[in-house]
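In what follows, a structure is listed as structure tokens, so that the remarks can point back to it.
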Amino acid sequence: MWFKNKYETPGKDYTIPQIDLSVPPENLDESLRYLFTPSTVDEGQGYLGHPDSVLLKNGDILTFFPEGHGKGRTLSRISHDGGKTYPDTIENPPKSWETSLETPTVYRLEFTERNWADKLILICGNPKWPGVPTPGGFNVSLSSDEGKTWSEYERFYDYDNKAFSCTPIVPMSSLTKLKENGKFVDKWMGLFHECVPGRRFVNYKTILTFDDAGNMHWSKPERYFKAYRGMEKNSNMCEVECVRSDGGTGDELMLITRSNTKKINSLLSFSRDEGKTWSKPVEAPAALNGERHHAEWLPDGRLFITFRSIERDAQKRAKNYEKKTMHWYSEGWIAWVGTYDDLKNGREGQYRLKIAHTYLNNQTAPCITANADTGYCGNVVLPDGTVVTSSYGIFSTEQKESGTYATDKGKQVRKTYIISKRIRLEDAEKLLK
């Protein structure tokens, strides 16, 4: 097979099993029915998307999402029962959340060098949307009381910054606590990318620290993948997830990238020096190929990784497609289950889960091919090992009462909203054939 350049490879099919949680099989044991029953996080009035979640110390789940496709005011929902219902929102949110321009990401900051209580950190960028003015940079809001109250957005590296300015997309796609001399310190590595003229799909890291007064400091963003610029540029590398080995305590970091050209699989790269240098990237197995990976460690030492599926196998595309002219199709909201060593050694992992079906316009029932406008997820793992995963999409053929509404993907009539699923893997594994 001939390709234009070395950054385009033939697509392959995954060979591990995929458990479909979108349609319950006949004679399903009632104890497993919850796997097929979603909870509504928020229905909204138009388009809701791109959630992220954090587990609070009291067991509540706090989920954030934009009111729109990427851009839109920052909204919240709170579950008090492990993801079964989401009745509440943050009271009196900061005024600055109303003018957000991007997908919010949320993380817990645990301090090891200072005797400080944890902080929650909410981050969103100021990218350039057509026809929408932007100040550039990224916004950060903090909570020191487990999400009850939040600071107004503070902006960093905007267009007024003379030392460095940027137009980030999905900051921080990952935020990783760092080590020095083998011990964790109060420093976090944040990753984001830009896609503007002259900086198309350039990936940056910035280090978060705090001074003794509790003020945030983000180091001047620097390119961390410059040694592999050809791969970065020609794969359109972006929205990178970072996973620390050994259940989050090890000495190696692994990157999982989105390859936005969809002409090469997601890439894996490893660092043994806390992100200062990275190994030559290799393609991830087809089973993990996709976009906006979000990884969580499970109590048994395995990884649960959600993403938007991107399928590139030519034989599968001949049977399953959204449009015949596309060189890929999506199976929608997918989770991968396997070990760190599987990925380190190029193995496919154990199995995949199709969490729920996202409908294309012409579909009236779940199919293999799904709407790719999904897969950005908020994931938390409860103390008993239950995974609560949330994402956005068109999860039914129901139409909005108000009819057609505008999105950045065009006009839609079907409801685009956010749901969550509770998954115990020992239960899901009973469905393996």
Side-chain angles (χ1 to χ4, degrees), residues 52 102-110 112 119 121-127 136-140 142 154-158 161 163-181 184-196 198-211 216-233 235-245 248 250-260 266-282 291-295:
D52 199 3
E102 232 236 338
T103 301
T105 59
V106 61
Y107 299 94
R108 176 177 294 278
L109 303 179
E110 297 177 315
T112 52
K119 296 181 186 292
I121 186 167
L122 182 70
I123 311 166
C124 72
N126 294 306
F138 55 89
N139 300 326
V140 184
L142 291 173
E154 183 178 354
R155 195 159 63 236
F156 295 85
Y157 296 107
D158 60 15
N161 190 305
F164 182 86
S165 64
C166 56
T167 315
I169 300 176
V170 191
M172 300 297 164
S173 61
S174 65
L175 187 66
T176 304
K177 190 171 176 63
L178 295 176
K179 290 183 173 183
E180 291 182 355
N181 300 316
F184 283 111
V185 293
D186 293 342
K187 295 181 180 180
W188 293 263
M189 178 179 68
L191 304 182
F192 68 88
H193 75 283
E194 283 190 289
C195 188
V196 295
R199 294 178 179 176
R200 290 190 59 79
F201 294 97
V202 174
N203 289 264
Y204 294 90
K205 71 174 181 180
T206 174
I207 307 302
L208 168 65
T209 57
F210 290 83
D211 62 27
M216 282 181 291
H217 299 274
W218 293 87
S219 67
K220 180 181 176 181
E222 60 180 288
R223 296 170 61 179
Y224 64 90
F225 225 63
K226 191 174 181 179
Y228 309 110
R229 177 57 183 158
M231 183 69 80
E232 177 189 44
K233 178 181 179 180
S235 71
N236 287 359
M237 171 179 156
C238 58
E239 295 178 7
V240 175
E241 172 68 304
C242 184
V243 182
R244 185 176 287 279
S245 63
D251 295 326
E252 183 173 76
L253 301 177
M254 173 178 63
L255 298 184
I256 311 174
T257 80
R258 168 176 175 169
S259 293
N260 205 50
S266 298
L267 303 173
L268 303 178
S269 182
F270 299 85
S271 175
R272 298 288 299 183
D273 56 11
E274 296 298 296
K276 295 181 179 66
T277 61
W278 295 92
S279 66
K280 184 178 180 180
V282 297
E291 299 176 343
R292 193 56 182 113
H293 299 83
H294 192 161

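Below, each value reflects all heavy atoms present in this structure, side chains not excepted, and no hydrogens, waters or symmetry copies.
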Give, for atom [atom1] of [X] and atom [atom2] of [Y], the distance between the pair rounded to the nearest 0.5 Å.
{"X": "N236", "Y": "M231", "atom1": "CG", "atom2": "CE", "value": "12.5 Å"}
{"X": "I123", "Y": "N139", "atom1": "CD1", "atom2": "CG", "value": "10.5 Å"}
{"X": "M254", "Y": "S245", "atom1": "CE", "atom2": "OG", "value": "9.0 Å"}
{"X": "H193", "Y": "I169", "atom1": "NE2", "atom2": "CD1", "value": "4.0 Å"}
{"X": "D52", "Y": "T103", "atom1": "CG", "atom2": "OG1", "value": "9.5 Å"}
{"X": "E239", "Y": "R258", "atom1": "CD", "atom2": "CZ", "value": "4.5 Å"}

Quick one: closest heavy-atom pair of [X] and [Y], and the distance?
{"X": "E102", "Y": "G125", "value": "CB-O, 3.3 Å"}
{"X": "F201", "Y": "C195", "value": "CE1-SG, 3.4 Å"}
{"X": "M189", "Y": "C242", "value": "CE-SG, 4.1 Å"}
{"X": "K177", "Y": "E110", "value": "NZ-O, 3.0 Å"}
{"X": "E232", "Y": "N203", "value": "OE2-N, 2.9 Å"}
{"X": "E194", "Y": "R199", "value": "OE1-CD, 2.8 Å"}

Would you say [X] and [Y] make side-chain contact, with heavy atoms under 4.5 Å?
{"X": "L253", "Y": "W278", "result": "yes"}
{"X": "F210", "Y": "K119", "result": "yes"}
{"X": "L268", "Y": "I256", "result": "yes"}

Donor-acceptor contact present, side-chain [X] to main-chain [Y], <3.5 Å:
{"X": "Y224", "Y": "L191", "result": "no"}
{"X": "T167", "Y": "P127", "result": "no"}
{"X": "S279", "Y": "F270", "result": "yes"}
{"X": "T105", "Y": "M172", "result": "yes"}
{"X": "T206", "Y": "S219", "result": "yes"}
{"X": "Y157", "Y": "W218", "result": "yes"}
{"X": "S173", "Y": "V240", "result": "yes"}
{"X": "D251", "Y": "R272", "result": "no"}
{"X": "S266", "Y": "T257", "result": "yes"}
{"X": "E180", "Y": "V185", "result": "no"}

Inset, instruction - Give a yes or no on whether K179 atom NZ has more than 12 heavy-atom contacts from other residues, nucleotides or ligands under 6.0 Å away. - result: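 More than 12 within 6.0 Å, yes.
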
Inset, instruction - Could you pull out all residues at least two apart from D158 that satisfy side chain to side chain donor-acceptor pair (under 3.5 Å)? - result: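 Testing D158 for side chain to side chain donor-acceptor pair (under 3.5 Å), a comparison that skips the adjacent residues, returns R155.
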
Inset, instruction - Identify whether the distance between the nearest side-chain nitrogen and carboxylate oxygen of K187 and E274 falls below 4.0 Å. - result: no

Inset, instruction - I would like to know whether D186 and T112 meet side chain to side chain contact (heavy atoms under 4.5 Å, CB included); could you show each step before the answer? - result: CA-CA 6 Å; D186 293 342; T112 52; 3.4 Å; yes

Legend entry - All ring pair (Phe, Tyr, Trp, His ring centres under 6.0 Å) counterparts of Y228, not counting sequence neighbours: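 Counting only residues at least two positions away or on another chain, Y228 forms a ring pair (Phe, Tyr, Trp, His ring centres under 6.0 Å) with F225.
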
Inset, instruction - Could you tell me how the ring of F192 sits relative to the ring of F138: parallel (under 30°), tilted (30 to 60°) or perpendicular (over 60°)? - result: tilted

Inset, instruction - Would you check if the distance from the ring center of F164 to the ring center of Y204 is below 6.0 Å? - result: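 Yes, the ring of F164 comes within the 6.0 Å limit of the ring of Y204, centre to centre.
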
